[in-house]
Amino acid sequence: MAAAGPSVFLLMVNGQVESAQFPEYDDLYCKYCFVYGQDWAPTAGLEEGISQITSKSQDARRALVWNFPIDVTFKSTNPYGWPQIVLSVYGPDVFGNDVVRGYGAVHVPFSPGRHKKTIPMFVPESVSKLQKFTSWFMGRRPEYTDPKVVAQGEGREVTRVRSQGFVTLLFNVVTKDMRKLGYDTGPPDTQGVSGPSTPQGLPR
C-alpha cells in the first residue's frame, strides 16, 4: 500500500525587526503581529511580540536599532491568505504619553531564502484642524483600535493617512512539502526546502 502524500505544507519564518528610520522621533518601540487566512494555523513560535525601547544611534545614520527576533511556523492546506506581518511603532509625545508613530504591513516572502524588506510606515490623520488641535492637546492621537486592519483593504480607503518613517525587516524563510502539493516555490533542485540563495557572481 503506497504511503499517503502530505495534506499540509509548512512555512517556517525567522529573522528580526532590525531597525527603523524616524527622523523626527526618538525612544521608540515596536509591536508586531501576524495576520493570515482561515486555512492557516500557527504550530510553533510566537505570533506577536513587543520590542524594547531604543534610542537613535550616534552615527550618521541616526537609526533606531531593535534587532528584535521573529520566529514562527505555520501550517496550511492553501496558499490563500498567505501570512502578513503588521508593525506598529510607538513613542512618547511632548506630554510623555505613548502615541503611535507608524503602522505598516508586508507579506512574508513567498520564496525560500533570506530576504530584507524595508516597509514604509504611515499614521492616521485627523480630518479637521480642530480635531488635530484637540488630539494634540488631550494627548490622544488617531490610532486603530486593532492594528490588524492595516493588513486588510476593506474600509481603508476612507482613512486619511500620512507617510512617516521606515522599518527594516530581515526574514529567513523555509517551506516544506509545498512542491509535493503542486506549488512551485523556487528552482527545481530545492525540492521544497531552500536555504539562503547564493549571491550572483559567486561560485555555487
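The first residue in the sequence is number 1, and the count goes up from there.
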### Query
Using 30° and 60° as the class limits, which term best fits the ring planes of Phe122 and Tyr103: parallel, tilted or perpendicular?
tilted

### Task
May I ask you to test the Val8-Leu181 pair for a side-chain heavy-atom distance under 4.5 Å?
no

### Task
Determine whether more than 12 heavy atoms belonging to other residues, nucleotides or ligands lie under 6.0 Å from atom CD of Gln52.
yes

### Query
If you measure from CG on Asp27 to CD1 on Ile53, what distance do you get to the nearest 0.5 Å?
7.0 Å

### Query
Looking at residues at least two apart in the chain, or sitting in another chain, which of them share a salt bridge (charged side-chain N to carboxylate O under 4.0 Å, His left out) with Lys148?
none

### Query
Do the non-hydrogen side-chain atoms of Val174 and Pro112 ever get within less than 4.5 Å of each other?
no

### Query
Once the angle between the rings of Trp82 and Phe9 is folded into 0 to 90°, is it parallel (under 30°), tilted (30 to 60°) or perpendicular (over 60°)?
parallel

### Summary
residues 76-85 vs salt bridge (Lys or Arg N to Asp or Glu O under 4.0 Å), sequence neighbours excluded, gives none

### For the student: nearest non-hydrogen atoms of Phe68 and Gly49, plus distance
CE2-C, 4.0 Å

### Query
So, do Ile85 and Val13 sit near enough that their side-chain heavy atoms are less than 4.5 Å apart?
no

### Query
Among pairs that include at least one residue of residues 11-21, which meet side-chain hydrogen bond (donor to acceptor under 3.5 Å, both in side chains), considering only residues two or more places apart or in two chains?
Asn14-Asn172, Gln16-Asn67

### Query
Looking at Ile70 and Phe34, what are the two nearest heavy atoms and their distance?
CG2-CZ, 3.7 Å

### Lys31 side, atom NZ; Glu48 side, atom CD - distance, nearest 0.5 Å
9.0 Å

### Task
Search all heavy atoms of Pro109 against all heavy atoms of Lys117 and return the closest pair with its distance.
CG-CE, 4.0 Å

### Query
Do Ser76 and Leu11 touch side chain to side chain, with heavy atoms closer than 4.5 Å?
no

